[in-house]
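Here the structure is laid out as structure tokens; the discussion comes afterwards.
Heavy-atom basis, side chains included; hydrogens, waters and symmetry copies ignored. The residues of the chain are indexed from 1 along the displayed sequence.
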Amino acid sequence: MDKEENNACKRRKSRVLVTLIIGLLVTCYYIFVVELCIFTVPSQELKATFLVMFHILFLLCMWSYLRVVITPPAVPPETFRLSESDKQLYLSEENPEVQEQILSCAAKNLPLYYNIDSKTPIKYCRKCQFIKPDRCHHCTACDICILKVDHHCVFLNNCVGFSNYKFFLLFLLYVPLLLIFTSAVSLYCSILFWTGQVTNMDSKDSVIALFCMSTMFCIIFCYRYIYEHYSLVLMNDTLLEFNEGIHCKYNPYDLGYRKNWRQVFGNKKRYWFIPIFSSLGDGSSFPLGDAKEDIEKNGAIDCQTSK
């Protein structure tokens, strides 16, 4: 019960953080559009240019963020659930070796890497009552098994996994772009204040604060998140797998940089940088690095199309 209360408390805190982040974005929007562009920028042409570019980046940023937050994590399909007879047999058995045999028999027709690498024990979640697919883990915060878990993010109040991983990466891309643009424009306006080219000084403090805040967050995002997560994409690794050293010696899912990228962003380049689901596969099975067939011919399924 204590663990359930702790998880509920974490979820409430996450909702508060999501509200604060949206509030921060709305505040920055007001300062940039009203205080900076409308009241400070003297040229009408520059105003129009700044507003158009800002709104494009802001829309992509908010779109990506909301898609990460509201997209439910993908859970294992019913084919990975034990039959009632196998479940009762498994739960009544106390010998680990016999339990392993029961799971091996139930999973013999499932697309598991365990079937290739027999040294790896088959994983079973007693709470969700699923045989765990490859790269699937049980999230204690969400209290469900989630396909291709990357991490649970308190700033999103959601798990980042197969169904929303692309949206998360796009959010990490568009936030720094928005911050760089905002920082550059606010620096330009700050210079106008300092050189006396703007007579209206009412917005000075807000514009300078926007410059400092956007520059600071941009440095944090670029240094802490962009390099880390996009490097993992190119290695076909998740943050959880990387932190736990699961693939420190050998990563069976590494297909090479280009194919690893397409695993997440899809084959159609026109969808790469739009917050629309285009990842390859179904999240429960993955092509292996030593596969002879190309990734497009190796059972790649558009998750949403299959639904």
Side-chain angles (χ1 to χ4, degrees), residues 14 18 21 60-77 113 132-139 141-142 144-177 221 224-244 246-247 251-289 295 298-307:
S14 293
V18 170
I21 290 172
L60 289 170
C61 180
M62 287 297 295
W63 187 4
S64 301
Y65 181 73
L66 292 176
R67 285 304 303 269
V68 184
V69 172
I70 66 176
T71 300
V75 298
Y113 179 64
K132 291 183 181 179
D134 295 338
R135 316 182 84 173
C136 176
H137 296 271
H138 186 90
C139 175
C142 297
I144 53 174
C145 284
I146 297 172
L147 299 178
K148 196 184 177 184
V149 177
D150 188 77
H151 68 287
H152 183 88
C153 184
V154 295
F155 297 103
L156 302 171
N157 190 33
N158 201 0
C159 250
V160 177
F162 174 76
S163 61
N164 59 1
Y165 188 43
K166 177 191 173 184
F167 309 142
F168 174 73
L169 293 170
L170 290 180
F171 175 67
L172 293 185
L173 173 66
Y174 289 128
V175 166
L177 290 178
F221 258 87
R224 178 67 179 87
Y225 298 110
I226 291 290
Y227 174 78
E228 180 181 50
H229 284 280
Y230 277 86
S231 296
L232 292 174
V233 170
L234 297 178
M235 295 187 295
N236 208 333
D237 225 354
T238 65
L239 186 62
L240 185 148
E241 292 167 343
F242 178 78
N243 289 339
E244 294 187 358
I246 296 175
H247 299 148
N251 183 1
Y253 309 111
D254 188 358
L255 307 171
Y257 293 154
R258 294 178 63 186
K259 292 180 180 180
N260 290 342
W261 175 273
R262 284 185 289 168
Q263 275 275 290
V264 177
F265 289 91
N267 288 323
K268 297 180 180 180
K269 295 181 180 180
R270 62 179 178 272
Y271 296 136
W272 280 1
F273 300 106
I274 302 175
I276 297 174
F277 186 89
S278 59
S279 301
L280 300 181
D282 57 7
S284 59
S285 62
F286 303 89
L288 303 178
I295 187 174
N298 198 23
I301 306 168
D302 186 315
C303 181
Q304 289 191 341
T305 303
S306 65
K307 292 179 179 179

| said: Walk me through whether I70 and N164 qualify under side chain to side chain contact (heavy atoms under 4.5 Å, CB included). | reply: CA-CA 9 Å; I70 66 176; N164 59 1; over 6 Å; no
Taken in chain and number order and not counting sequence neighbours, the residues that satisfy ring-ring contact (aromatic ring centres under 6.0 Å, His included) with Y174 are none
Would you mind reporting whether D150 and F242 have side-chain heavy atoms less than 4.5 Å apart? no
Taken in chain and number order and not counting sequence neighbours, the residues that satisfy side chain to side chain contact (heavy atoms under 4.5 Å, CB included) with V69 are Y65, L156
Output for pair (H151 NE2, H137 NE2), nearest 0.5 Å, gives 14.0 Å
Residues pairing under salt bridge (Lys or Arg N to Asp or Glu O under 4.0 Å) where one sits in residues 153-174, two or more places apart or in two chains, turn out to be none
Of all heavy-atom pairs linking L288 and L255, the shortest is O-CD2, 3.3 Å
Smallest heavy-atom separation, L170 atom then S64 atom, equals CB-OG, 3.7 Å
d(Y225 OH, F171 CZ) to nearest 0.5 Å is 10.0 Å
Separation between CD (Q263) and CG (L234), nearest 0.5 Å, reads 12.5 Å
Residues passing the side chain to side chain contact (heavy atoms under 4.5 Å, CB included) test with P76, sequence neighbours excluded, are F80, F130, P133, C136, C145, L147
Sorted by chain and number, sequence neighbours left out, side chain to side chain donor-acceptor pair (under 3.5 Å) with S284 holds for D282
Applying side chain to side chain donor-acceptor pair (under 3.5 Å) to N157 and not counting sequence neighbours gives none
Across all chains, not counting sequence neighbours, the side chain to side chain contact (heavy atoms under 4.5 Å, CB included) partners of H152 are C139, A141, C142, C159
S163 meets the side chain to side chain donor-acceptor pair (under 3.5 Å) criterion, sequence neighbours left out, with none
Side chain to side chain contact (heavy atoms under 4.5 Å, CB included) for F162 and T238? Distances and angles first, verdict last.
CA-CA 10 Å; F162 174 76; T238 65; over 6 Å; no
Does Y253 have more than 12 heavy atoms from other residues, nucleotides or ligands lying within 6.0 Å of its OH?
yes
side-chain hydrogen bond (donor to acceptor under 3.5 Å, both in side chains) pairs touching residues 228-237, sequence neighbours excluded, are R135-N236, R224-E228, N236-N260, D237-H247
Review point. Sub-3.5 Å donor-acceptor pair from the side chain of D134 to the main-chain atoms of F286, do we have one?
Key: no
Inset, instruction - Flag the pair L60 / F273 as yes when at least one side-chain heavy-atom distance between them is below 4.5 Å, and no otherwise. - result: no
Answer whether the closest heavy-atom distance between the side chains of F277 and F167 falls below 4.5 Å. yes
List the steps, then state whether side chain to side chain contact (heavy atoms under 4.5 Å, CB included) holds for K259 with L280.
CA-CA 10 Å; K259 292 180 180 180; L280 300 181; over 6 Å; no
d(F168 CZ, R67 CZ) to nearest 0.5 Å is 15.5 Å
Evaluate the side-chain proximity of V68 to N158: yes if any heavy-atom separation is below 4.5 Å, no if none is. no
Those residues at least two apart in sequence (or on a different chain) that pass ring-ring contact (aromatic ring centres under 6.0 Å, His included) with W261 are F265, W272
